[in-house]
There are 4 protein chains.
Amino acid sequence: MGAVKSKRLPRAVREQQMMDAAVQTFGQRGYRAASMDEIAELAGVSKPLVYLYLNSKEELFTSCIQREAKALVAAVRSGVEPGLPADRQLWAGLRAFFTHTAENPDGWAVLHRQARTHGEPFATEVMAMRDEIVAFVTGLIGAAAREAHHDPALPDRDVSGLAQALVGAAESLAGWANDTPGVSAKEAAATLMNFSWAGLENLMHGRPWAPRAQVAARV
Amino acid sequence: MGAVKSKRLPRAVREQQMMDAAVQTFGQRGYRAASMDEIAELAGVSKPLVYLYLNSKEELFTSCIQREAKALVAAVRSGVEPGLPADRQLWAGLRAFFTHTAENPDGWAVLHRQARTHGEPFATEVMAMRDEIVAFVTGLIGAAAREAHHDPALPDRDVSGLAQALVGAAESLAGWANDTPGVSAKEAAATLMNFSWAGLENLMHGRPWAPRAQVAARV
Amino acid sequence: MGAVKSKRLPRAVREQQMMDAAVQTFGQRGYRAASMDEIAELAGVSKPLVYLYLNSKEELFTSCIQREAKALVAAVRSGVEPGLPADRQLWAGLRAFFTHTAENPDGWAVLHRQARTHGEPFATEVMAMRDEIVAFVTGLIGAAAREAHHDPALPDRDVSGLAQALVGAAESLAGWANDTPGVSAKEAAATLMNFSWAGLENLMHGRPWAPRAQVAARV
Amino acid sequence: MGAVKSKRLPRAVREQQMMDAAVQTFGQRGYRAASMDEIAELAGVSKPLVYLYLNSKEELFTSCIQREAKALVAAVRSGVEPGLPADRQLWAGLRAFFTHTAENPDGWAVLHRQARTHGEPFATEVMAMRDEIVAFVTGLIGAAAREAHHDPALPDRDVSGLAQALVGAAESLAGWANDTPGVSAKEAAATLMNFSWAGLENLMHGRPWAPRAQVAARV
DNA sequence: TATGAATGAGCTTTCATTCAT
DNA sequence: TATGAATGAAAGCTCATTCAT
């Protein structure tokens, strides 16, 4: 009793099962170490069916990357309210980000660890998504700088570097939160806000850290 | 005549040639995609010699990780003067870090991208090094907090999270600096100091960022 | 409306569609390289239907060979008038042969190239047809020999060899005519008559070619 | 006792063994049906060694074609004395041809049946050889026509068609001789000379066969 | 110290064929 | 009559690893 062995399912269902199995396997083993045999077995189908529907290992991996990237971006997007001030938007976005990565560790591993590790054509796929997020963060920093009436604006490359730093910190904390028992998405987000926002605000108000300025800055 | 094809070199020299070839190949192709054939050819020796000296692909990769980790830690260490204030130490450490990663892109790829991607036993190796750096940063933050007479100290887990964020930001900026023409190690370090130090200082003085700012901001 | 996608056709029609597709695919790709998928798609039906009607790839190929062999023999037969002298019959048969192979290049490829290449049980099928044609030619040669009052008759094995030579020459010329633009069936037939008939006649009158001509020629 | 299992042979020797096994297997089974496993086993080595030395199935097959084509052309060439009259040269060439095909049935099968059946890039390889032989025969026919003081010369395309016919007849007779017990190379060559030379001579002297001319011609 | 010769095991991919409707 | 869903079996190819010298 129960669906001991589900058979003759419609194609769309089978494809989802295969993609789920593929994300899990790729995320845990890596692209090269994952075998199509293992993916097929985990999906509960034969290997030829995987090829019939998903064409090749490379295409399958690419599909996984695209699906997970889309899901992650959608999760972050839906967590953010565009009208709010920049720090509130960032806060909401980070919470959505850490929540999603915590709930989809294999998908996150595919995007963050595997796709970027295995060169073309995969790195390109995931870079597109990362750039989208970097651009979002860049926009927030720029908006905040304008709100702060900072004039002249920060140079583009500075903003770009800051966004890279923020996104990198987020990626690192996602791994930390997933690997450290008891760290919630909210806590990770708070840590990152604490870490980053004061620095960003100082910059926006034209008070960069400087090697020799340290004593004066403390006054 | 002439050392067109050098032969019968002492073991230590041969091992270095092999390790160099291995780091380059692993860094560019990845652990699984790199073949022992390619490494042996790049090293200019026969495959059995690689096995004679380095025993197996797994051990060879582990040796690469250890060598590159040691080199990176040494580079950062040698850039820091223990007596200085915490932010100066951090500034010096970051400069050394970005300089080293820029000068050793393959070694950095092995540590950052490949080793962490391919599970045990490699992740353990590189985690040991990462933890060492995190501990160094943690120490700096703690020292700074004590200098700031902040009491009670930040909880350990907070400090740990902050260190993870800082290291992640550094890793991300290392990639950004390596991939963006014209970004120097010094600039990457300055970006990260600007990004992080103010936030860290605020925390040390017990002034965390908090979401309540939103109400005021809306007025 | 309109028979855009014809469905539920009578069996005989469907079978012809499948055989047409199979002959085309086998002729162009070869027996092994042709896939049942491709044949089914070209025929506009699903694969199970092909199996329902034609049972297996092997049987399908055999059916193709038989259909094409029958068609070729019928074409040659219908071109010949039994009452005429032997050379006129041969002339008519060759014209019919070259006309048919030019009009059915895929069918001819199946018979000449593919069937004989892929061993049992296919070679047997096509050999039966080839033997039928050889027998026809053998009969003509024998009849001509009797007309010429040549006695004793040529030994059977000699006649058989001559027929083999003639058929081989015809096969070669069929390829030549198909591949050389502007060569008509009539021209190919004339070339072969010119090439062969004088030799055959000489043999029938007991005047074989002999190597001894060489001494005289050197004078 | 005896070389039960020969091991560690030099590369050149192993390569010959592999090529021999490949020619045999390809000749008997066909390109697609022959498996690398079978070839390796027949050669007495493991599959990876075949790949190490011969690179791929396609390259292996191409190598076989080239080796056999070179051998066949060399055999025919070495059988012919350039100074002799055309019919003597043809006679010698045919004897060499039938002798070689009888002694190398698998090589002949590779050239005649398999290579031409399996499309590009194989057909091109063997066509180059066939064209070389056709050119040789074409040269002989042309030379004979000039010896016969025939003026004006036969049109090029006629000569070309005749050569195709002669070569096709030879190919067919090679198969016949190989498959019919007791037919010697000399006998096959004689059959073909008898079949072809009278027709060729008539043509060279301007006496083609013509459909209506048959009665007059017999006078 | 150093290498040419060799392989077991495993991978991705394809294909003829069948099941259930 | 007709097909979407599914697979067992095998093929080409690669790779880490070892043997014999």
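Numbered from 1 within each chain, the chains take letters A, B, ... in sequence-line order.
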**Asked** Distance from A/Leu54 atom CG to A/Glu59 atom CD, nearest 0.5 Å?
**Response** 7.5 Å
**Message:** Given 3.5 Å as the limit, does a donor-acceptor pair link the side chain of D/His112 with the main chain of D/Trp108, or not?
**Reply:** no
**Fill in**
In whole angstroms, the gap separating C1' of E/dT12 from CZ of A/Phe26 amounts to 12 Å
**Prompt:** Can you give the dot-bracket line for DNA chain E, using ( ) for pairs inside the strand, [ ] for pairs that cross earlier ones, | for pairs with another strand and . for unpaired bases, where Watson-Crick and G-U count if both distances are under 3.5 Å?
**Reply:** .||||||||||||||||||||
**Asked** Counting only side-chain N and O atoms of C/Tyr53, is one of them less than 4.0 Å from OP1 or OP2 of F/dA2?
**Response** yes
**Request:** Give every residue pair that meets the side chain to side chain donor-acceptor pair (under 3.5 Å) criterion with at least one member in residues 41-53 of chain D, sequence neighbours excluded.
**Result:** D/Asp37-D/Lys47
**Message:** Just N and O in the side chain of C/Tyr51: are any of them under 4.0 Å from OP1 or OP2 of E/dT17?
**Reply:** yes
**Asked** Base, sugar-phosphate, or nothing: which does A/Arg11 touch, judged by heavy atoms less than 4.0 Å apart?
**Response** sugar-phosphate
**Prompt:** Among the nucleotides E/dT17, F/dA11, F/dA16, which one has an atom lying closest to any side-chain atom of B/Ser35?
**Reply:** F/dA16
**Request:** Check whether any side-chain nitrogen or oxygen of A/Arg14 sits under 4.0 Å from OP1 or OP2 of F/dG4, and answer yes or no.
**Result:** no
**Message:** By the 4.0 Å heavy-atom rule, please label B/Ala34 as base, sugar-phosphate, or nothing.
**Reply:** sugar-phosphate
Please tabulate the protein-to-nucleotide N/O contacts below 3.5 Å involving nucleotides 19-21 of chain F, giving atom names and distances.
residue	atom	partner	partner atom	Å
F/dC19	O2	D/Arg8	NH1	2.6
F/dC19	O2	D/Arg8	NH2	3.3

**Message:** Side chain of D/Ser46 only, heavy atoms from C-beta on: which candidate in E/dT7, F/dA6, F/dA11 is closest?
**Reply:** E/dT7
**Message:** To the nearest 0.5 Å, what is the distance between CG on D/Asp106 and CZ on D/Arg29?
**Reply:** 11.0 Å
**Request:** Classify the nucleic acid contact of A/Ala33 as base, sugar-phosphate or nothing, counting any heavy atom under 4.0 Å across all strands shown.
**Result:** nothing
